[in-house]
Protein chains: 2
Amino acid sequence: MVSQKIPNLSVDCVIFGYNGKELKVLLIEQKKISEQLKTQYALPGDLVEIDEDLDEAANRVLFELTNIKDIYLEQFQAFGNPVRVKEQKDSDWLRSIREFPEERVITVAYYSLVNIEDVAPKGSAFADHTEWINVKKVPPLAFDHDQILNHALQRFRSELVTKNIGFELLPPKFTLSQLQQLHELVLDKKLDKRNFRKSIKKIDHLEPLDEKQTGVDHKPAQLYRFNPKKED
Amino acid sequence: MVSQKIPNLSVDCVIFGYNGKELKVLLIEQKKISEQLKTQYALPGDLVEIDEDLDEAANRVLFELTNIKDIYLEQFQAFGNPVRVKEQKDSDWLRSIREFPEERVITVAYYSLVNIEDVAPKGSAFADHTEWINVKKVPPLAFDHDQILNHALQRFRSELVTKNIGFELLPPKFTLSQLQQLHELVLDKKLDKRNFRKSIKKIDHLEPLDEKQTGVDHKPAQLYRFNPKKED
DNA sequence: AAGGTAAGTGTATTTTGTACACTTAACCAA
DNA sequence: TTGGTTAAGTGTACAAAATACACTTACCTT
């Protein structure tokens with residue numbers, strides 16, 4: 001049995017992933033049958049259930065889509081432009097994914113950082129409609145999702161430096177060069193290797209493992225992990 | 001005629017003011033008739049109207065309460081704990097101010113900075129129920145408003161330093177010492193006068209006037225204003 | 001064994017933040 | 001008018017943080 005949903009309150013999730021080269025965002029895709037064969041995308045999201053906390057709802061959306069839990073997830077802004085749904089009322093393809101009411105929907109937006117390898121869209125119910133897209137090549141999205149994505153990116157950039165959350169996008173074991181490349185990509189600037197290492201070695205819970213990179217044609221790098229449980 | 005409201009979506013405003021000595025917050029007060037004569041307070045807020053943007057709704061709440069417009073207003077968090085209203089369902093005094101439904105209400109919280117002198121609560125419809133309260137002496141509030149107030153304070157503190165928004169709490173003409181005292185109060189630490197001036201003189205649009213303080217028994221201070229339109 | 005590749009490391013310089021004390025201008029009272 | 005009181009206004013020396021910069025090392029490949 002399906003829980004009852006609040007008809008005009010949704011959460012939307014901007015899910016970021018990193019494949020070693022590009023910063024990507026997980027979008028829901030659907031072919032527009034009616035007009036052309038043009039593909040349109042939207043952020044994953046859903047109406048909030050009647051007895052559900054907002055954070056719970058966002059985690060549910062994430063889990064339903066990716067089958068993973070305990071993900072870095074942060075609320076960053078509520079959007080309530082009254083025309084945000086009506087504008088696209090005629091595009092009813094999204095109704096198949098979310099049960100949209102006629103009236104305006106307020107959405108509370110979250111951004112999320114996942115290890116892209118953990119996400120197996122093929123296993124999820126939305127498999128056919130899910131796609132990782134390079135954030136630099138995202139086409140115009142449904143509703144006001146372009147605006148939401150932009151806000152998410154801005155917030156992520158500023159929190160990347162203040163909170164050092166980059167490793168959330170990497171596999172559990174990673175090298176410092178991987179982390180640096182990620183920072184360079186997100187902040188869109190080249191960083192000095194020695195200075196970068198100085199700065200990130202200040203952060204807690206980042207510990208070197210007794211293990212090195214394998215299968216590379218050069219000096220193998222030290223592997224690190226982020227271990228929040230580490231006592232001091 | 002009253003506009004139609006969305007039954008489970010509200011905005012709440014944490015309105016900060018500064019009287020030269022204390023940081024205050026504007027609260028709605030009502031005597032509990034039923035139990036004792038104990039006074040209880042809540043943040044000003046209201047349900048969002050059906051065709052209203054969230055920012056508009058927050059501005060409306062502010063205007064209805066204070067009769068002023070064009071105020072510094074910033075959304076900082078949505079709160080959606082499903083028990084946030086039910087917990088206090090038995091206290092029906094607040095129903096007289098806001099039309100609360102039985103079910104859970106999501107609230108989008110804003111904080112606002114006003115020149116306390118501009119606010120004449122006596123002129124507003126809520127005059128009898130409105131009070132400026134020292135943030136250090138706020139009693140337990142209705143619903144989850146304590147939590148919301150705490151979040152607002154944290155956000156304000158961090159944005160005070162990153163965005164230099166302190167003057168929003170001061171009269172249009174102010175001295176640098178007034179600004180410094182405000183910073184010291186909000187950040188809860190003593191600041192060095194010369195270093196403070198060095199740092200704030202970096203910020204744009206802060207310009208000295210051809211005018212000095214009057215009516216003080218010491219050397220009168222230079223008056224400044226914040227002028228965002230100033231070309232450079 | 002030699003060449004290719006990215007890993008790993010320290011120091012000097014610049015910029016920013018912090019600590020600190022005396023002179024000035026107005027008011028007031030004698 | 002003069003001397004006392006009050007807060008305004010101002011610069012420099014030191015410490016800390018951020019930045020710029022180049023060579024050696026370890027593993028893989030041929």
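Throughout, a chain's letter reflects where its sequence line sits, starting with A, and its residues are numbered from 1.
- Across the protein-nucleic acid pair, B:Phe196 atom CZ and C:dT18 atom P stand 13 Å apart, rounded to whole Å.
- Judged as a ring-ring contact (aromatic ring centres under 6.0 Å, His included), and not counting sequence neighbours, the contacts of B:Phe156 are B:Phe16, B:Tyr111.
- Residue whose closest nucleotide on DNA chain D sits further toward the 5' end, between B:Leu223 and A:Arg194: B:Leu223.
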Distances under 3.5 Å between protein N/O atoms and the N/O atoms of nucleotides 11-13 of chain C, please, pair by pair.
| unit_1 | atom_1 | unit_2 | atom_2 | d |
| --- | --- | --- | --- | --- |
| C:dT11 | O4 | A:Lys198 | NZ | 2.8 |

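- In terms of the side-chain hydrogen bond (donor to acceptor under 3.5 Å, both in side chains) criterion, B:Gln222 has no residue partners (sequence neighbours excluded).
- Counting only residues at least two apart or in different chains, side-chain hydrogen bond (donor to acceptor under 3.5 Å, both in side chains) contacts with residues 181-191 of chain A comprise A:Gln180-A:Glu184, A:Glu184-A:Lys190.
- With sequence neighbours left out, A:Tyr110 forms a ring-ring contact (aromatic ring centres under 6.0 Å, His included) with no residue at all.
- Among the heavy atoms of the strands lying under 4.0 Å from A:Gln222 are primed sugar atoms or P, OP1, OP2 only; no base atom is included.
- Not counting sequence neighbours, A:Tyr18 has no partner by the ring-ring contact (aromatic ring centres under 6.0 Å, His included) test.
- Between the side chain of A:Asn19 and the main chain of A:Glu22, a donor-acceptor pair closer than 3.5 Å is present.
- With a heavy-atom cut-off of 4.0 Å to chain B, the contacted part of DNA chain D has its first and last nucleotide at D:dT6 to D:dT12.
- By the side-chain contact (heavy atoms from CB on, under 4.5 Å) test, B:Pro171 pairs with B:Asn115, B:Glu117, sequence neighbours left out.
- Screening residues 156-174 of chain A for salt bridge (Lys or Arg N to Asp or Glu O under 4.0 Å) gives A:Glu74-A:Lys163, A:Arg155-A:Glu159, A:Glu159-A:Lys163, A:Lys173-A:Glu211 as the qualifying pairs, with residues at least two apart or on separate chains.
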Table of protein N/O atoms under 3.5 Å from nucleotides 28-30 of chain C N/O atoms:
none

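- Along DNA chain D, the nucleotide nearest A:Lys202 and the nucleotide nearest A:Lys212 are compared for position; the residue whose nucleotide lies closer to the 5' end is A:Lys202.
- With contacts defined as side-chain heavy-atom distances shorter than 4.5 Å, the pair A:Gln213/A:Ser177 does not qualify.
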* Asked: Passes side chain to side chain contact (heavy atoms under 4.5 Å, CB included), B:Gln75 versus B:Val108? Steps please.
  -> CA-CA 7 Å; B:Gln75 185 196 310; B:Val108 178; 3.5 Å; yes
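- The pair B:Arg60-B:Glu64 counts as a salt bridge, with a side-chain nitrogen and a carboxylate oxygen less than 4.0 angstrom apart.
- Shown here are the ring-ring contact (aromatic ring centres under 6.0 Å, His included) partners of A:Phe226, two or more places apart in sequence or in another chain: A:Phe167, A:His205.
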* Could you go step by step and tell me if B:Glu207 and B:Tyr224 meet the side chain to side chain donor-acceptor pair (under 3.5 Å) rule? -> CA-CA 5 Å; B:Glu207 53 181 35; B:Tyr224 287 77; over 6 Å; no
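- Across the protein-nucleic acid pair, A:Lys201 atom NZ and C:dA7 atom P stand 13 Å apart, rounded to whole Å.
- Taken residue by residue, residues 165-183 of chain A places no heavy atom nearer than 4.0 Å to DNA chain D.
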